[in-house]
K.L.:
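Let me begin by handing over the structure; questions about it come next.
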Amino acid sequence: MKILAIETSCDETAVVVLEGEGDIKKASFKILGNALLSQADLHAPFGGVYPNLAKREHQTNLVPLTAQALTDAGLYETEEGITPSQEEALSDVRDVAFKTSIRDFIYATKAPEVDMIAVTHGPGLEPALWTGINFAVALGKAWNIPVMGIDHMEGHIVSALLEPDGKNFTLRAPKLPLLALLISGGHTEFVAMDEWFVYERIGETKDDAVGEAFDKVARLLNLAYPGGPQVAALAARSRIRGKNEIIFPRPMATDATCDFSFSGLKTAVMYKLQKMDKIGEEDKEHIAHAFEDAVRDVLIIKTRRALASRDIGSFVIGGGVSANDIIRRGLVDLVQNEFTDIEVHLPDKSLTGDNAIMIAAAAYLRASSGKKPHAPIFASGSLRLS
Ligand code: KG4
Ligand code: ZN
């Protein structure tokens, strides 16, 4: 089954053509085409993602990226002539320039041999999500291909189960029940999956997400957006030096829930900076180090509690912050030392950030287990796995 997948929930425009084979226990995925453009540099001056700029960039980039992914997959053929379904297809697209660009594309492109189009329908920035959805639905109508909406967080769970094999992937079929710790710019939550695609949330942040805390601390340290990788790089330099006297609190570490709170940690960093008269490069490195340690420890403490609270076969982490080496190592050590019966799966570094491979793979797994696309597809900024 060939799937064209589109991800526009935040500041990455990503389009993939993926060919899936096999059932949910033994699936493999060939990446036939993969085109991704990050807008991070454009948003950097705003210190975060600016929704209308993200939307405009997605509108500009979706057609060329889709053409590129289809070309790489050997599925792009030009065609003259307009069919009635192509005329009808544009009815939901309101932005004039975007509509023109989609019209030019579908009028000149032969329906590719793709079995399904998958598109992220939430959670994320609604203007950004709608851009991807309107585009996917227009292509689906014009080419008569079913369109499936996929939850971005389900994509992050699936990303942890993809074992790289050259530029392709095979599914590491997890032992169920699975527990996922999702840590991204907008989310921090524990989600249990007792059977495929049936979710139960067992803990979540009461305020900031982990990625958001990294980004806010980065701003306090005068680092550009997205700050997570830069804070981690600063912390690494302090770790090499070995000694660090700064200690930040571990918020909510002793309460009995699997919930989190990270806004106080960011405030603790702010107070620390306010108390220092002169802030040199080394001070910043120590602060980043102490902050990263505090985040890692809270994640470990809460994961220990979550894993002990119910019967779990495998533990996965997903989301942008799962790129963090200190957090990865801390969580893997926890499971390997204290929960020896539980499998642990981490996403390949190429899949930790937002991408369309995870959306395509999730759509394949849903379709191959008999789930049907349901229309109409709505963007939901606050979509929750259930
Ligand atoms: O999943 P993602 O790419 O986008 C959302 O769905 O939110 O996550 C982005 C978040 C940003 O907050 C970014 O700073 C953080 O992931 N991040 C990191 C690292 N790489 C990305 N945080 C800590 N350490 C990293 N190495
Ligand atoms: Zn994400």
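Just so you know, these numbers use all the heavy atoms, side chains as well, and skip hydrogens, waters and symmetry mates. Residues: numbered from 1 along the sequence shown.
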K.L.:
Is I150 reachable from F169 through a run of I, L, V, M, F, W or Y residues, each pair having side-chain heavy atoms under 4.5 Å apart?
P.N.:
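Shared cluster, yes.
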
K.L.:
Has the side chain of T60 got a donor or acceptor atom that lies under 3.5 Å from a matching backbone atom of R56?
P.N.:
yes

K.L.:
Do the non-hydrogen side-chain atoms of H187 and P123 ever get within less than 4.5 Å of each other?
P.N.:
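Yes. Closest side-chain heavy atoms under 4.5 Å.
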
K.L.:
Indicate yes or no for a side-chain donor-acceptor contact from R305 to the backbone of D255 under 3.5 Å, with no hydrogens or angles considered.
P.N.:
yes

K.L.:
Among the clusters formed by ILVMFWY side chains lying less than 4.5 Å apart, do F291 and I183 turn up in the same one?
P.N.:
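Yes, same cluster.
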
K.L.:
Shared ILVMFWY cluster between L299 and V316, side chains joined below 4.5 angstrom?
P.N.:
no

K.L.:
Is the distance between the ring centroids of Y107 and F105 under 6.0 Å?
P.N.:
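Between F105 and Y107, which both carry aromatic rings, the centre distance is not below 6.0 Å.
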
K.L.:
I want to check something: taking the side chain as every heavy atom from C-beta on, are R201 and L385 in contact at a cut-off of under 4.5 Å?
P.N.:
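SC-SC contact between R201 and L385 confirmed.
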
K.L.:
Determine whether M148 and H374 make a side-chain contact, defined as any pair of heavy atoms from C-beta on separated by less than 4.5 Å.
P.N.:
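They are not in contact (no side-chain heavy atoms under 4.5 Å apart), so the answer is no.
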
K.L.:
List the residues meeting side chain to side chain contact (heavy atoms under 4.5 Å, CB included) with A218, not counting sequence neighbours, and say none if there are none.
P.N.:
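With neighbours one apart ignored, the set is L223, V231.
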
K.L.:
Does the pair K206/D259 count as a salt bridge with the N-to-O cut at 4.0 Å?
P.N.:
yes

K.L.:
Does either side chain, that of S263 or that of D208, offer a donor lying less than 3.5 Å from an acceptor on the other one?
P.N.:
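Note: S263 and D208 side chains miss the donor-acceptor criterion.
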
K.L.:
For the residue pair E7 / T120, report whether a side-chain donor-acceptor contact shorter than 3.5 Å exists.
P.N.:
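Judged by distance alone, the side chains do pair up.
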
K.L.:
Apply ring-ring contact (aromatic ring centres under 6.0 Å, His included) to F315 and list each qualifying residue two or more places apart in sequence or on a separate chain.
P.N.:
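For F315, no residue satisfies ring-ring contact (aromatic ring centres under 6.0 Å, His included) once neighbours in sequence are set aside.
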
K.L.:
Ignoring hydrogens and geometry, is there a side-chain-to-backbone donor-acceptor pair from D207 to F262 under 3.5 Å?
P.N.:
yes

K.L.:
Under the salt bridge (charged side-chain N to carboxylate O under 4.0 Å, His left out) criterion, do D92 and K141 qualify, and how do the steps go?
P.N.:
CA-CA 11 Å; D92 292 337; K141 282 189 193 159; 3.5 Å; yes

K.L.:
Examine the side chains of E154 and Y199 and answer whether a donor and an acceptor come within less than 3.5 Å of each other.
P.N.:
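Yes.
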
K.L.:
Quick check: does any side chain N or O of K302 sit under 3.5 Å from a backbone N or O of C258, one acting as donor and the other as acceptor?
P.N.:
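No, because the side chain of K302 does not come within donor-acceptor range (under 3.5 Å) of the backbone of C258.
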
K.L.:
Taking the side chain as C-beta and beyond, is there a heavy-atom pair between I327 and V321 under 4.5 Å?
P.N.:
yes

K.L.:
Using side-chain heavy atoms (C-beta onward) and a distance below 4.5 Å, is D194 in contact with L176?
P.N.:
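A side-chain contact under 4.5 Å is absent here.
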
K.L.:
With side chains defined as the heavy atoms from C-beta onward, is the minimum distance between W143 and P112 less than 4.5 Å?
P.N.:
yes

K.L.:
Passes side chain to side chain contact (heavy atoms under 4.5 Å, CB included), H58 versus Q39? Steps please.
P.N.:
CA-CA 9 Å; H58 292 313; Q39 308 165 7; 3.4 Å; yes

K.L.:
State whether the side chain of D11 and the backbone N or O of V49 hold a donor-acceptor pair below 3.5 Å, judged by distance alone.
P.N.:
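No: the side chain of D11 does not pair with the backbone of V49.
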
K.L.:
Can a donor-acceptor pair be found, under 3.5 Å and without considering hydrogens, that links the side chain of E212 to the backbone of A209?
P.N.:
yes

K.L.:
CD1/I342 to CG/D311 distance, rounded to the nearest 0.5 angstrom?
P.N.:
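It is 8.0 Å, given to the nearest 0.5 Å.
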
K.L.:
Are T303 and F190 packed together at the side-chain level, in the sense that at least one heavy-atom pair is separated by less than 4.5 angstrom?
P.N.:
yes

K.L.:
What distance separates L220 CG from K284 NZ, expressed to the nearest 0.5 Å?
P.N.:
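So the gap between those two atoms works out to 10.5 Å.
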
K.L.:
Keeping the roles fixed (side chain from T352, backbone from D348), state whether a donor-acceptor pair exists under 3.5 Å.
P.N.:
no

K.L.:
Taking D165 for its side chain and N168 for its backbone only, find out whether a donor-acceptor pair lies under 3.5 Å.
P.N.:
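Answer holds: no.
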
K.L.:
Looking at R239, R328, R329, which hits salt bridge (charged side-chain N to carboxylate O under 4.0 Å, His left out) with E292?
P.N.:
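Between E292 and the candidates, salt bridge (charged side-chain N to carboxylate O under 4.0 Å, His left out) is satisfied uniquely by R239.
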
K.L.:
Checking Q59 against T131 for the side-chain hydrogen bond (donor to acceptor under 3.5 Å, both in side chains) test, could you report, in this order, the C-alpha distance in whole Å, the side-chain angles of both residues, the deciding distance, and whether it holds?
P.N.:
CA-CA 6 Å; Q59 288 180 341; T131 310; 4.6 Å; no

K.L.:
For a quick check under 3.5 Å, do T170 and E163 share a side-chain donor-acceptor pair by atom type?
P.N.:
no

K.L.:
Could you tell me whether a side-chain N or O of R250 sits under 3.5 Å from a main-chain N or O of V295, the two making a donor and an acceptor?
P.N.:
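The answer is no, because no donor-acceptor pair under 3.5 Å joins these two groups.
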
K.L.:
Please list all pairs meeting side chain to side chain donor-acceptor pair (under 3.5 Å) that have one or both residues in residues 333-343, counting only residues at least two apart or in different chains.
P.N.:
R304-E338, E343-H345

K.L.:
Let's go through V17 and I3 carefully: what are the C-alpha distance in whole Å and the side-chain angles of both, what is the deciding distance for side chain to side chain contact (heavy atoms under 4.5 Å, CB included) to 0.1 Å, and is it a yes or a no?
P.N.:
CA-CA 6 Å; V17 182; I3 297 176; over 6 Å; no

K.L.:
Decide whether L62 and L53 are clustered together by the hydrophobic rule: side chain heavy atoms of Ile, Leu, Val, Met, Phe, Trp, Tyr closer than 4.5 Å, transitively.
P.N.:
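Unlinked, L62 and L53 end up in two clusters.
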
K.L.:
Got a second to check how far N144's CG is from L139's CG, nearest 0.5 Å?
P.N.:
12.5 Å

K.L.:
Could you go through I312 and L178, starting from their C-alpha distance and side-chain angles, then the distance that decides it, and tell me whether this counts as side chain to side chain contact (heavy atoms under 4.5 Å, CB included)?
P.N.:
CA-CA 6 Å; I312 296 291; L178 172 150; over 6 Å; no

K.L.:
Determine whether the side chains of S238 and H289 contain a donor N or O and an acceptor N or O closer than 3.5 Å.
P.N.:
yes

K.L.:
Using the side-chain hydrogen bond (donor to acceptor under 3.5 Å, both in side chains) criterion, which residues pair with E200? Sequence neighbours excluded.
P.N.:
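With sequence neighbours excluded, E200 shows a side-chain hydrogen bond (donor to acceptor under 3.5 Å, both in side chains) to R310, given in chain and number order.
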
K.L.:
Roughly how far, to the nearest 0.5 Å, is the CG atom of L365 from the CG atom of D23?
P.N.:
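That separation rounds to 10.0 Å.
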
K.L.:
Between atom CG of L18 and atom CD1 of I31, what is the distance when rounded to the nearest 0.5 Å?
P.N.:
4.5 Å

K.L.:
Does the plane of the ring in W130 sit parallel, tilted or perpendicular to the ring in F378? Use 30° and 60° as the thresholds.
P.N.:
perpendicular

K.L.:
Distance under 6.0 Å and angle within 45° of the ring axis: does R366 meet both against F197?
P.N.:
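Relative to the ring axis of F197, which defines the angle, R366 lies inside both limits.
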
K.L.:
Test side chain to side chain contact (heavy atoms under 4.5 Å, CB included) on I287 and F248 and set out the steps.
P.N.:
CA-CA 9 Å; I287 285 173; F248 289 124; 4.1 Å; yes

K.L.:
What's the shortest heavy-atom distance between A35 and L65, and which atoms?
P.N.:
CB-O, 3.5 Å

K.L.:
How would you list all residue pairs meeting salt bridge (Lys or Arg N to Asp or Glu O under 4.0 Å) that involve residues 59-70, not counting sequence neighbours?
P.N.:
none

K.L.:
Ignoring hydrogens and angles, tell me if any N or O in the side chain of N61 forms a donor-acceptor pair with the backbone of E57 under 3.5 Å.
P.N.:
yes

K.L.:
Who pairs with H156 by ring-ring contact (aromatic ring centres under 6.0 Å, His included), at least two apart in sequence or on another chain?
P.N.:
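Expected list: H152.
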
K.L.:
Is it possible for you to say whether I377 and F98 belong to one hydrophobic cluster, with membership spreading through side-chain heavy-atom contacts below 4.5 Å?
P.N.:
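I377 clusters together with F98.
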
K.L.:
List the steps and the verdict of salt bridge (charged side-chain N to carboxylate O under 4.0 Å, His left out) for E204 and R384.
P.N.:
CA-CA 11 Å; E204 65 190 319; R384 283 161 79 77; 3.1 Å; yes

K.L.:
What pair of heavy atoms forms the shortest contact from T188 to V210, and how long is it?
P.N.:
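Taking every non-hydrogen atom into account, OG1-N, 2.7 Å.
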
K.L.:
Can you tell me how far apart NZ (K243) and CZ (R241) are? Round to the nearest 0.5 Å.
P.N.:
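CZ of R241 is found 11.0 Å from NZ of K243.
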
K.L.:
So do V298 and M252 actually touch side chain to side chain, heavy atoms under 4.5 Å?
P.N.:
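With C-beta onward as the side chain, the pair stays apart.
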
